[in-house]
Amino acid sequence: MSDIIIDMRDIVKRFYIGQPNELEILHGITLKVERGEFIAIVGASGSGKSTLMNIIGALDRATEGSYTIDNIVIEEAQDRELSMIRNSKIGFVFQNFNLIPRSNALKNVELPMMYGGYPKKQRMERAKELMAMVGMDDRMDHLPNELSGGQKQRVAIARSMANNPAIILADEPTGALDSKTGRMVMDIFHQLNQEQGKTIVLITHNRELASETNRIITMVDGLVFDNPEVLA
């Protein structure tokens, strides 16, 4: 029996509900992701990728449909529980890194564990391990503005792993990086997927990156197609 970690059924997302300019972005999306899969969601600007990502990441709720993540039914979850899900079940990696400017790299990695209530000694030890894992153990005391784009993204990946999440949700993680640095970041994702069994959802417009994953989901006009040839 397969272990489904992301189970979306007939997901609809509308904005301005009940108003004359009501806008439907997602038109009934059904998507299943198995634990340990590395998938890419690919689509042009305006296809609905960001809206879908926000729902997958429990940053927003669907207007209609059902969504279960790691056996938690999102429609039934209170806002406080959604916050817990975002902190413990999902590791986020964004194109623009989202690091705290006044905190050094190590403190940035510790942050999710602070929200998770871990004691200081445990937070620091775990953060140091993660910084070493991404090859940044010699940059722990540096502030974000003292790091290159690739170094910032490696810190962001370490931070995404802080609470040992079931899923890593990466939104255009190489978008602000040169090709060599982007290659390094993708290698880390492959390592996390293959060696630690992390489920990784990569949101990208780059079909070359997407081709490295186990499965490509293509988004077109608020619909998904489990077929990489749709936009080929």
Trace of the side chain to side chain contact (heavy atoms under 4.5 Å, CB included) decision for Lys89 with Ile72: CA-CA 10 Å; Lys89 297 282 186 188; Ile72 298 171; 3.7 Å; yes
Tyr67 vs Glu75, test: side chain to side chain contact (heavy atoms under 4.5 Å, CB included). Steps then yes/no. CA-CA 7 Å; Tyr67 175 29; Glu75 305 88 79; 3.9 Å; yes
Determine, stepwise, if the pair Gln151 / Thr181 fulfils side chain to side chain contact (heavy atoms under 4.5 Å, CB included). CA-CA 9 Å; Gln151 289 170 337; Thr181 313; over 6 Å; no
Please evaluate residues Arg154 and Met184 with respect to the criterion side chain to side chain contact (heavy atoms under 4.5 Å, CB included), reporting the C-alpha separation (whole Å), side-chain torsions for both, the decisive distance (0.1 Å), and the verdict. CA-CA 9 Å; Arg154 283 190 278 164; Met184 188 188 306; 3.5 Å; yes
Salt bridge (charged side-chain N to carboxylate O under 4.0 Å, His left out), that's the test. Do Asp141 and Lys107 meet it? Break it down for me. CA-CA 9 Å; Asp141 296 328; Lys107 289 274 193 293; over 6 Å; no
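Hydrophobic cluster membership is shared by Leu26 and Met8, with clusters built from Ile, Leu, Val, Met, Phe, Trp and Tyr side chains linked at under 4.5 angstrom. Tracing side-chain contacts under 4.5 Å through hydrophobic residues (I, L, V, M, F, W, Y), one reaches Ile55 starting from Met219; they form part of the same cluster. In the hydrophobic clustering of this structure, Ile157 does not group with Met53; members are Ile, Leu, Val, Met, Phe, Trp, Tyr whose side-chain heavy atoms approach within less than 4.5 Å, directly or through other members. Cluster annotation: Leu23 and Val12 are assigned to distinct hydrophobic clusters (Ile/Leu/Val/Met/Phe/Trp/Tyr, side-chain heavy-atom contacts under 4.5 Å, transitive). Hydrophobic clustering (ILVMFWY, side-chain heavy atoms < 4.5 Å, transitive): Ile5 and Ile11 are in one cluster.
Exactly one of Arg139, Met140, Met133 qualifies for a side-chain contact (heavy atoms from CB on, under 4.5 Å) with Met136. That residue is Arg139.
Taking the side chain as every heavy atom from C-beta outward, Arg159 and Asn98 approach each other to under 4.5 Å. Two residues are said to be in side-chain contact when any heavy atoms from C-beta on lie closer than 4.5 Å; Ile41 and Ile56 meet this criterion. Contact of the Asp171 side chain with the Gln95 side chain is not registered, since no non-hydrogen atoms from C-beta on lie closer than 4.5 Å. Side-chain contact check for Glu34 versus Asp3: every heavy-atom pair is 4.5 Å or farther apart. Between His205 and Val42, the closest side-chain pair of non-hydrogen atoms is not below 4.5 Å. Using a 4.5 Å heavy-atom cutoff, the side chains of Leu106 and Met124 are in contact. Residues Arg61 and Asp79 meet the side-chain proximity criterion, which asks for heavy atoms closer than 4.5 Å. Within the 4.5 Å cutoff, the side chain of Ile217 has heavy atoms near those of the Ile39 side chain.
No donor-acceptor contact under 3.5 angstrom links the side chains of Asn108 and Lys152, judged on distance only.
Proximity of a side-chain donor or acceptor of Asn193 to a complementary backbone N or O of Lys198 within less than 3.5 Å is detected. For the pair Gln153 (side chain) and Phe94 (backbone), a donor-acceptor distance under 3.5 Å is present. A distance-only check finds a donor-acceptor pair linking the side chain of Arg123 to the backbone of Tyr118 [under 3.5 Å]. Put simply, the side chain of Arg86 gets close to the backbone of Ala58: a donor and an acceptor are under 3.5 Å apart. Judged by distance alone, the side chain of Thr174 and the main-chain N or O of Leu177 form no donor-acceptor pair under 3.5 Å. A donor-acceptor pair is defined here as one N or O able to donate and one able to accept, closer than 3.5 Å; no such pair exists between the side chain of Gln122 and the backbone of Pro119. Of the possible polar contacts, one joining the Ser211 side chain to the Glu208 backbone as a donor-acceptor pair under 3.5 Å is found. Between the side chain of Asp7 and the backbone N or O of Thr68, no donor-acceptor pair lies under 3.5 Å. Between the side chain of Glu76 and the backbone N or O of Val73, no donor-acceptor pair lies under 3.5 Å. Asn87 contributes a side-chain N or O that, together with a main-chain N or O of Pro112, makes up a donor-acceptor pair within less than 3.5 Å.
Sorted pairs that involve residues 40-57 and meet side chain to side chain donor-acceptor pair (under 3.5 Å), not counting sequence neighbours, are lacking altogether.
Interatomic distance, Thr213 OG1 to Met186 CE, rounded to the nearest 0.5 Å: 7.5 Å. A distance of 12.0 Å separates CG in Leu223 from OG1 in Thr218, rounded to the nearest 0.5 Å. Taking OG1 of Thr30 as the reference point, atom NZ of Lys32 lies at 7.5 Å (rounded to 0.5 Å). Distance OG1/Thr63 to CD1/Ile17: 4.0 Å, rounded to 0.5 Å. To the nearest 0.5 Å, atoms CD1 (Ile6) and CD1 (Ile167) are separated by 4.0 Å. Atom CD of residue Glu212 and atom OG1 of residue Thr204 lie 10.0 Å apart, to the nearest 0.5 angstrom.
Taking the charged nitrogens against the carboxylate oxygens, Lys13 and Glu64 have no contact shorter than 4.0 Å, which rules out a salt bridge. A salt bridge links Arg215 with Asp226; the closest basic N to acidic carboxylate O contact falls under 4.0 Å. Using a cutoff of 4.0 Å between basic side-chain nitrogens and carboxylate oxygens, Arg183 and Asp178 are not scored as salt-bridged.
Annotation for Glu22: atom CD counts as buried by contact number, over 12 foreign heavy atoms lying within 6.0 Å.
The two residues Gly36 and Thr199 make their nearest non-hydrogen contact at N-OG1, 2.8 Å. Pro173 and Val93 make their closest contact through CB-CG1, 4.0 Å (heavy atoms, listed as atom of the first residue, atom of the second, distance). For Met131 against Val109, the heavy-atom pair with the smallest separation is SD-CG2, 3.7 Å. Taking each heavy atom of Ile168 and Ser160 in turn, the nearest pair found is CD1-OG, 4.2 Å. Heavy-atom minimum distance, Pro144 versus Ile100: CG-O, 3.4 Å. Nearest heavy-atom pair across Ala77 and Leu82 is CB-CD2, 3.9 Å.
With sequence neighbours left out, Ile90 forms a side chain to side chain contact (heavy atoms under 4.5 Å, CB included) with Ile69, Ile85, Phe92, Leu169. By the ring-ring contact (aromatic ring centres under 6.0 Å, His included) test, Phe189 pairs with no residue at all, sequence neighbours left out.
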